[in-house]
Amino acid sequence: MATLKDVKCGDTVKVLKINGEGAVKRRIMDMGITKGTEIYVRKVAPLGDPIEVTVRRYELSLRKADAEMIDVQ
């Protein structure tokens with residue numbers, strides 16, 4: 001299964017599941033990333049961290065470790 005970390009710049013994906021538990025999972029969900037949400041990958045930093053995405057019409061930067069917890073299709 002692919003994670004948000006594996007998505008290439010310019011692609012749009014749909015969230016299948018958020019892995020992790022507790023405060024980290026809650027923080028990701030509070031940012032608007034929930035099951036079924038579409039995410040557009042805008043930019044990826046040269047070393048891969050952070051990843052800039054568009055979620056629900058706003059820009060968001062995610063650390064690679066957080067992006068790895070989000071399963072996408």
Side-chain angles (χ1 to χ4, degrees):
M1 189 174 291
T3 64
L4 186 58
K5 185 187 96 170
D6 307 321
V7 178
K8 290 182 174 43
C9 190
D11 289 348
T12 301
V13 293
K14 192 177 224 178
V15 176
L16 295 177
K17 181 181 176 190
I18 300 171
N19 300 308
E21 29 184 271
V24 176
K25 183 175 181 176
R26 181 87 243 150
R27 185 170 53 86
I28 290 172
M29 292 175 74
D30 286 346
M31 288 188 272
I33 301 172
T34 56
K35 184 178 176 181
T37 304
E38 288 196 346
I39 298 177
Y40 171 71
V41 179
R42 293 174 40 96
K43 297 179 196 170
V44 178
L47 297 176
D49 204 12
I51 299 168
E52 187 175 310
V53 298
T54 301
V55 180
R56 301 177 191 252
R57 294 180 292 163
Y58 70 92
E59 283 79 36
L60 177 67
S61 291
L62 290 171
R63 293 181 300 203
K64 199 187 305 185
D66 292 343
E68 206 166 16
M69 291 184 207
I70 304 167
D71 292 340
V72 295
Q73 172 183 331

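If you take CD1 on Ile70 and CG on Asp6, they are separated by 11.5 Å, rounding to the nearest 0.5 Å. Taking CD of Glu68 as the start and CG of Leu62 as the end, the distance is 12.5 Å to the nearest 0.5 Å. Taken from CE in Met69 to CZ in Arg63, the straight-line distance is 8.0 Å, to the nearest 0.5 Å.
Linking ILVMFWY side-chain heavy atoms closer than 4.5 Å, directly or via other members, places Ile51 and Tyr40 in two distinct hydrophobic clusters. Cluster annotation: Leu60 and Val72 are assigned to the same hydrophobic cluster (Ile/Leu/Val/Met/Phe/Trp/Tyr, side-chain heavy-atom contacts under 4.5 Å, transitive).
Scanning for salt bridge (Lys or Arg N to Asp or Glu O under 4.0 Å) contacts around Glu52 gives Arg42, with sequence neighbours left out.
In terms of heavy atoms, Ile33 sits closest to Thr37 at C-OG1, 4.5 Å. Taking all atoms of both residues into account, the shortest heavy-atom contact from Ala67 to Thr3 is O-CB, 3.9 Å. Across every non-hydrogen atom of Met29 and Thr34, the tightest pair is O-CG2, 4.2 Å. For the residue pair Lys8 and Val41, the shortest heavy atom distance occurs at O-CB, 3.8 Å. In plain terms, the two heavy atoms of Lys17 and Asn19 that are nearest each other are CE-OD1, 3.4 Å. Between Val55 and Gly32, the shortest heavy-atom contact is CG1-O, 3.7 Å.
Side-chain atoms of Asp71 do not come within 3.5 Å of backbone N or O of Leu16 as any donor-acceptor pair.
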